[in-house]
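Notes for the one structure printed next.
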There are 2 protein chains.
Amino acid sequence: MGEIQRPGALYQQVAAEIRSGIAAGEYPPGALLPSEAQLMERYQVSRPTVRKAVDRLRSEGLIDVVHGKGSFVRSLPTPSVTIDRTITREGDTFRTGLSDWEEVEPPTVTRGHTTATTGPLLGLDEGEAVFIVDRLLAEPSTGTRAMHRMVIPLATAAEVEELEHPDISPDQVYAALAKAGYHLTWRETVSARMPLPDERVALAIPDAVPMLQAVRVTRSTDGAHLIQEVCSVDGDRARVAFFIDVEAFEKEHSPG
Amino acid sequence: MGEIQRPGALYQQVAAEIRSGIAAGEYPPGALLPSEAQLMERYQVSRPTVRKAVDRLRSEGLIDVVHGKGSFVRSLPTPSVTIDRTITREGDTFRTGLSDWEEVEPPTVTRGHTTATTGPLLGLDEGEAVFIVDRLLAEPSTGTRAMHRMVIPLATAAEVEELEHPDISPDQVYAALAKAGYHLTWRETVSARMPLPDERVALAIPDAVPMLQAVRVTRSTDGAHLIQEVCSVDGDRARVAFFIDVEAFEKEHSPG
DNA sequence: TGACGTCACTCGTGCTTACGAGTTGAGAGT
DNA sequence: ACTCTCAACTCGTAAGCACGAGTGACGTCA
């Protein structure tokens, strides 16, 4: 009893068994899975096989394994934090989704150049001189963290007085650009990837949780690239939101 | 020579060494890493340790391991497919980001009810009767796949003649709603999570690659939920894009 | 009663061995 | 010259053993 009849490798079969148990509600969210020894007994497999199966489930984000305690079923990734990337404007004040987040550390400003890798990613040419402003932010109520990088070409900074001190907030940057007479337009892309170890530490991302990355390129209507923002967050706890009024949008953009 | 001086577990140290090598360009994208035997020799560790280190890098999405050939450095996740979620309108024709994608299979239509889990996720109450239209799509030039689900409350379908046959395309659904006199408004959220095994198969997602999920809730200006769309894609190959003209948007939404 | 230490339980790491299975290229045979 | 076979390489799976290390409960001792 307990042996399994499923396709594929043994550890895959064990993983599939446990996965079914989770899906069937046998192990509800938060529940403690059987210990490795119990799983060995139950499925008549060796400990390495059990560990591989458990590791598999962890890499799928289904369970959390705690040293000395056991494996717990993760609750479904229900993002509790929403970053609203819609830009709103009240008079001369801009508000973006991170306005209410707190700075964990003072922002750091670096001068650098875009490379062949970072340039196109951000909509810039290679070798362009830029300010890079890095921030580590935290959402006050949940503690969710975000990394925020703003890339400001020196060409842009030279034309806008306020950008001589580039460590002003994104909201202020937008306000400064608007004040300088630019008609702002942005294009934002959202992608996902697994965080590197240092990103996992900085953002307090658990195992097997992807990172959401939103890249916003701000342009003026003449097509010039003004600034870029890169915002990275825990994909499990955060989601990125946009709000659009189709018909209002259409009035501006439809031909005729 | 070859031994390592780094904190943490042995396999972590080996993983960190290789990771540095990748970052330093010693192993450029596409390069073949040393074989497991060579890594054993180089770092004087056993094969399980090497395998664990390699497994770690794979779970970070840094390498691809091919049976019988070796481990290859993955090129940086540079999404080659962009799903533009901006809605455009030409006369009575709507266009969304998936308009040009091909249907791999005919769409399936299911009648069901929202649950306590799926309802709130989609902006609906629990137990509401809905049509569920599922599609498996493929981008013609790259083959990238997407799962697309459209949830149409029966209450909505009852008021719009064209929705008696709910397997019409999203573009046509929008057109039908607009034709029925609704002023459309939408809110879209993007999240990321690891795909479940069946999702990985359906979308042909490699190991250690997260899934991007965009949920679009279409409302009328009176606040009623009209329809929901859920679109899931390979996070490595695709990204989700939005285009906004700040000032046009602001004209419609700013007070005064 | 309270503090502390021990012990049993958990997972974490590491080594060894063995064999299966995919891939490739060199060499023998035609 | 071509084809086929096979050997040698690669990673994949599975087992057993040993020990370290975190956690929590229980029992002893002050």
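Here the structure is a predicted model, which is why all the values come from computation and not from measurement. Order of the sequence lines fixes the chain letters, A, B, ..., with proteins taken first and strands second; residue numbering starts at 1 for each chain.
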Quick one: [X] [atom1] to [N] [atom2], roughly how many Å, whole number?
X	N	atom1	atom2	result
B:M40	D:dC9	CE	P	14 Å
A:L10	D:dG12	CG	C1'	13 Å
B:K52	D:dT13	NZ	P	16 Å
A:L32	D:dG24	CG	P	12 Å
B:Y43	C:dC15	OH	C1'	20 Å
A:L39	D:dA15	CG	P	14 Å

Carboxylate-amine/guanidinium contact [X] [Y], below 4.0 Å:
X	Y	answer
A:D55	A:K52	no
A:R51	A:E36	yes
A:R19	A:E60	yes

Worksheet item: For D:dA14, does either OP1 or OP2 sit under 4.0 Å from a side-chain N or O belonging to A:Y11?
Response: no
Worksheet item: Would you say C:dC15 has OP1 or OP2 under 4.0 Å from some side-chain N or O of B:T49?
Response: yes
Worksheet item: What residues form a side-chain hydrogen bond (donor to acceptor under 3.5 Å, both in side chains) with A:D100, not counting sequence neighbours?
Response: A:R95
Worksheet, complete the sentence: side-chain hydrogen bond (donor to acceptor under 3.5 Å, both in side chains) filter on B:D207, not counting sequence neighbours, yields B:R200
Response to the item:
B/S/- along nucleotides 4-11 of chain C (protein heavy atoms under 4.0 Å) is ------BB
Practice prompt. Say whether, by atom type as modelled, one donor and one acceptor occur between the side chain of A:R135 and the main chain of A:D167 under 3.5 angstrom.
Written response: yes
